[in-house]
Amino acid sequence: GCKQRGKGLSCIIKGTITPSTSAALLRLNPDGSCSVLTSTVEMGQGSKTVFTQIIGEMLGLPPERIQIVNPDTDVTPYDLTTSSSRSTFSTGTALAMATEQVKEQLYAVASDLLEVAVEDLEIVAGEVRVRGAPGRRLSFAELISRGRLGTVHGQGTFTTKGGIDPETGQGIASVHWHQAAAAVEVEVDLETGKVDVLRLHTTLYTGRTINPTNAELQCEGNLIFGQGKSLLEEMLFDGGQLVNASLADYMIPSIVDVPAELGVSLLEGNGAHTEPHGIGETTLPPVAPAIGNAIYNAVGVRIHDLPITAEKILRALHEQSADGHSNEEAST
């Protein structure tokens, strides 16, 4: 059959819930390991990994010494919601505040025991050391034991400010704006209306990337998810009943549908104090408009409702050719 190719682009900007609050608790245990209480839900987006990295960097602890407790709202502190690309920024900041409190307490005890000013201390690899005198050091476990601390606790609460005035519509709609773009190349079969996605690429602003591998994988997931919403996924109802409620009838992308070229670029800010931006959802919204634009570029039809099925494309192509004939007849 005859196939035509087209390319499409789209750019989006997305906000995050503002204002919002996240709280975190950190407990340093007698053996120098660390337990973390937050109410952020790990659902595959990698929040536990990122939180482990934040604490690990601040306390010099390896990942296996840091335990992130699963959320249980009976005991874990408040978090507004695990959504809106906000966990790394909001809960991560609360966690950094809690970790800073723990560090201050460790420094205070070490200052007494090592008989030096707090300013002369540093934390390296789970120990408090005297700068420039590597032999003078105490592990977290030794500090807790000799200082009779039992456990060391830190807590942090991070609240973003802003919001929209309901009367005027003015204000701070979002503390962060999340930007993304998508580019796609498709091939459309004029006989069947079937769309093949050949190449799909996205770029987004991360501010500061905490875990490049996880960030790229999250965005790849968004691209494939976005392709599913754009071309395949449709809930069909008959008399109020869902008629395709199984994965035999509800189509999601398989590995065969995923383009051979799938790319992600992460754009970072320049400054040392650039804040990390949540990237959970940002690369999902641009996929559908980019695919829609590419189909238009290929065969000249615009489909305005998702998914863009082969049937909708064929119908639009037939209408287009019918219109073309009627116009020619009118002009003769």
Side-chain angles (χ1 to χ4, degrees), residues 8-25 37-43 45 47 50-51 54 71-74 76-98 100 155-182 202-210 215 218-219 222 225-226 229-230 233 235 237 240 266-271 273-293 302-307:
L9 288 169
S10 78
C11 296
I12 65 103
I13 187 166
K14 170 193 165 300
T16 183
I17 297 174
T18 304
S20 81
T21 297
S22 291
L25 295 172
L37 277 75
T38 77
S39 289
T40 298
V41 182
E42 171 62 79
M43 55 178 104
Q45 82 280 33
S47 58
V50 164
F51 296 164
I54 291 169
D72 174 351
T73 50
D74 269 350
T76 51
Y78 180 82
D79 183 34
L80 179 70
T81 163
T82 307
S83 70
S84 196
S85 306
R86 62 181 291 285
S87 297
T88 298
F89 178 58
S90 288
T91 308
T93 302
L95 208 43
M97 294 159 83
E100 202 56 53
Q155 70 96 26
T157 301
F158 180 66
T159 303
T160 58
K161 295 176 175 60
I164 295 286
D165 184 313
E167 297 298 317
T168 64
Q170 301 300 303
I172 297 171
S174 180
V175 284
H176 279 168
W177 292 104
H178 301 155
Q179 299 90 352
T202 189
T203 301
L204 77 160
Y205 179 71
T206 67
R208 186 162 61 89
T209 311
I210 291 179
Q218 175 72 25
C219 293
N222 280 345
F225 180 32
K229 286 162 64 96
S230 304
E233 298 182 46
M235 295 168 80
F237 292 91
L266 308 173
L267 294 178
E268 294 196 278
N270 297 326
H273 301 294
T274 306
E275 293 176 325
H277 280 229
I279 56 107
E281 302 157 330
T282 313
T283 47
L284 177 59
V287 178
I291 288 176
N293 285 339
R302 281 245 177 248
I303 312 295
H304 293 288
D305 57 325
L306 298 179

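Heavy atoms only: backbone and side chains are in, while hydrogens, waters and symmetry mates are out. We count residues from 1, following the sequence as given. What you see is a predicted model, and the numbers here were worked out from it, not measured in a lab.
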Heavy-atom side-chain proximity of [X] to [Y] below 4.5 angstrom:
X      : Y      : value
Leu306 : Glu233 : no
Thr282 : Ile12  : yes
Asn270 : Thr274 : no
Asn222 : Thr202 : no
Leu9   : Asn293 : no

Search all heavy atoms of [X] against all heavy atoms of [Y] and return the closest pair with its distance.
X      : Y      : result
Ser10  : Pro289 : OG-CG, 3.7 Å
Lys161 : Val175 : O-CG1, 3.5 Å
Ala98  : Gly156 : CB-N, 3.6 Å

Any chance you could measure [X], atom [atom1], to [Y], atom [atom2], to the nearest 0.5 Å?
X      : Y      : atom1 : atom2 : result
Thr206 : Glu268 : OG1   : CD    : 4.5 Å
Thr88  : Phe51  : OG1   : CZ    : 6.0 Å
Arg86  : Thr91  : CZ    : OG1   : 5.5 Å
Asp305 : Ile303 : CG    : CD1   : 7.5 Å
Ile279 : His178 : CD1   : NE2   : 10.0 Å
Leu80  : Ser20  : CG    : OG    : 5.5 Å

Before giving the answer on side chain to side chain contact (heavy atoms under 4.5 Å, CB included), spell out for Leu204 and Leu266 the whole-Å C-alpha distance, their side-chain angles and the decisive distance to 0.1 Å.
CA-CA 6 Å; Leu204 77 160; Leu266 308 173; 3.5 Å; yes
Asp79 and side-chain hydrogen bond (donor to acceptor under 3.5 Å, both in side chains): which partner among Ser90, Ser87, Ser22, Ser39?
Ser22
Between Thr16 and Ser174, do the side chains contain a donor N or O and an acceptor N or O under 3.5 Å apart?
no
Flag for Ser47-Thr40: side-chain donor and acceptor within less than 3.5 Å
no
Using a 3.5 Å distance criterion without hydrogens, assess whether the side chain of [X] forms a donor-acceptor pair with backbone atoms of [Y].
X      : Y      : value
Thr82  : Val41  : yes
Thr18  : Gly163 : no
Glu275 : Phe89  : no

Within a reach of under 6.0 Å around CE of Met43, are more than 12 heavy atoms found that belong to other residues, nucleotides or ligands?
yes
Report the residues that fulfil salt bridge (charged side-chain N to carboxylate O under 4.0 Å, His left out) with Glu281, sequence neighbours left out, ordered by chain and then residue number.
Lys14
Output side-chain donor-acceptor pairs under 3.5 Å for residues 166-173, partner residues at least two apart or in another chain, one line each.
from, atom 1, to, atom 2, distance (Å)
Thr168, OG1, Gln170, N, 3.1

Could you go through Thr203 and Leu267, starting from their C-alpha distance and side-chain angles, then the distance that decides it, and tell me whether this counts as side chain to side chain contact (heavy atoms under 4.5 Å, CB included)?
CA-CA 7 Å; Thr203 301; Leu267 294 178; 3.6 Å; yes
